[in-house]
Protein chains: 2
Amino acid sequence: MRDLARAVNLQGGSLYAHIESKEEVLFELVNRAADEFLNHAEAIPANLSPKEHLERLIQGHLEVIVRSLDHATVFFHEWKFLNPELQRKITARRDAYEGHFRKVIEAGVRLGEFEVEDVRLATLFVLSALNWTYHWYRPGGPLTLESLSRHYRDLVFKTLGVRSNRSTSRANGA
Amino acid sequence: MRDLARAVNLQGGSLYAHIESKEEVLFELVNRAADEFLNHAEAIPANLSPKEHLERLIQGHLEVIVRSLDHATVFFHEWKFLNPELQRKITARRDAYEGHFRKVIEAGVRLGEFEVEDVRLATLFVLSALNWTYHWYRPGGPLTLESLSRHYRDLVFKTLGVRSNRSTSRANGA
DNA sequence: AGGTGTCAAACAATCGTTCGTTTGAAGAGG
DNA sequence: CCTCTTCAAACGAACGATTGTTTGACACCT
């Protein structure tokens with residue numbers, strides 16, 4: 001808390017003129033990170049095909065992680081240190097977010113765009129691959145967000161058994 | 001430290017007759033978790049096909065995570081709190097472990113078993129999907145390790161563009 | 001006797017938080 | 001223009017608890 005205070009040019013105790021407790025601040029942090037993910041997902045138009053929709057979900061997800069590495073890290077980990085009631089609020093939002101992915105994959109399977117044995121496991125698999133990005137991606141490196149998004153979109157599509165659209169994956173055949 | 005002491009029926013300070021410091025204990029924990037992963041990987045026979053080899057790697061990886069959730073959690077996170085020198089020892093072993101996956105994927109691409117644009121990114125993608133398992137898998141639930149391994153193996157194979165072996169993934173087509 | 005392991009106590013540092021006081025700017029009344 | 005009051009914001013010291021670790025005395029085993 002004293003570190004936080006110093007960051008806004010305050011004495012440790014002075015923070016408590018503005019906040020209730022350390023936990024309240026943590027919740028605010030985690031919850032706003034949840035906002036970032038959910039806002040991206042909810043801003044996607046509803047009339048897209050599952051493939052297009054999922055591509056946007058992937059882009060948004062990676063964008064949030066890459067552009068706000070710290071927020072993503074807090075979102076993925078620190079909610080465990082909230083009290084049970086606040087934890088429930090966060091996990092509810094996380095489940096809602098996962099729902100966006102699951103539903104679009106379900107729709108894709110229904111329309112024959114995807115071919116997947118177990119939608120729940122496939123959703124988990126895909127989201128896992130995306131989430132872990134915060135462990136290794138460092139902005140300013142050689143890999144741009146756009147390049148990462150394209151590669152990961154292709155990998156996800158393969159994972160979900162997309163058949164057509166060989167345009168991008170037929171490059172090197174040596 | 002007092003909690004650790006109580007777990008072995010000792011007083012807090014008595015621990016220091018056996019250990020150097022808290023950091024030493026943490027390193028031991030993280031390093032032994034690294035052992036678990038590496039031992040599994042190194043026990044795989046060298047004469048397998050890339051597909052078989054990768055399947056064993058996936059099985060071993062998930063087995064370590066599922067059977068020692070706590071160890072895996074510590075391995076994935078707590079190494080960051082070691083001093084730089086000890087951190088290097090851990091990341092070196094992690095890189096070696098990732099190398100097992102990368103090399104087998106490389107070999108698979110070379111032999112035409114896999115079809116992948118960027119081996120590095122594909123390796124990262126696959127390992128990410130596997131690693132995240134510790135976030136949600138809970139032993140004793142409806143999903144057995146064996147079932148998880150099979151599903152994830154199929155998903156990884158699709159991700160890596162495996163063409164043949166439709167035996168397991170042609171079950172439900174309604 | 002001589003280690004070895006354990007205890008209880010204490011250590012300095014740090015934690016989140018509280019509290020009484022001071023500060024400084026804004027508004028009211030003359 | 002000056003005073004007086006008000007009030008939120010900040011200070012700085014202190015709180016009780018907890019942190020990792022050290023110390024010296026005591027007991028046990030060879």
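Keep in mind the model is a prediction, meaning the values are calculated, not measured. The figures that follow rest on heavy atoms only: side chains count, while hydrogens, waters and symmetry mates do not. Naming convention: chains lettered A, B, ... in sequence-line order (proteins, then strands); numbering from 1 in each chain.
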Problem set entry | Helix axis bend for the helix from C:dA12-D:dT19 to C:dG30-D:dC1 - C1'-based end axes, five pairs, 10° rounding | 20°

Exercise. Do A:E98 and A:T123 meet the criterion of a side-chain donor-acceptor pair at a distance under 3.5 Å?
Worked result: no

Exercise. So, do A:W132 and B:F76 have ring centers that fall under 6.0 Å from each other?
Worked result: yes

Problem set entry | C:dT4 OP1/OP2 closer than 4.0 Å to side-chain N/O of B:H18 | no

Exercise. Using the benzene-type ring in the case of Trp, are the ring centres of B:Y97 and B:H61 under 6.0 Å apart?
Worked result: yes

Exercise. How about B:Q59 and B:E63: do any of their side-chain heavy atoms sit closer than 4.5 Å?
Worked result: no

Problem set entry | Ring-ring centroid check A:H77 B:H77, cutoff 6.0 Å | yes

Exercise. Would you call A:V66 and A:Y134 a side-chain contact if the rule is heavy atoms closer than 4.5 Å?
Worked result: no

For this session: Assign a letter to each nucleotide of nucleotides 12-21 of chain D from its 5' end: B, base within under 4.0 Å of a protein heavy atom; S, sugar-phosphate only; -, no contact.
Result: B-B----BBB

For this session: Calculate the interatomic distance between B:L15 atom CG and C:dA8 atom P; express it in whole Å.
Result: 14 Å

Exercise. Does B:R94 CZ have over 12 foreign heavy atoms under 6.0 Å away?
Worked result: yes

Seminar exercise, completed: note: A:E24, atom CD; C:dG16, atom P; distance rounded to Å ~ 15 Å

Seminar exercise, completed: Scoring nucleotides 24-30 of chain D by protein non-hydrogen atoms under 4.0 Å (B base, S sugar-phosphate only, - none) yields -------

Exercise. Just wondering, do A:F27 and A:I90 contact through their side chains at under 4.5 Å, heavy atoms?
Worked result: yes

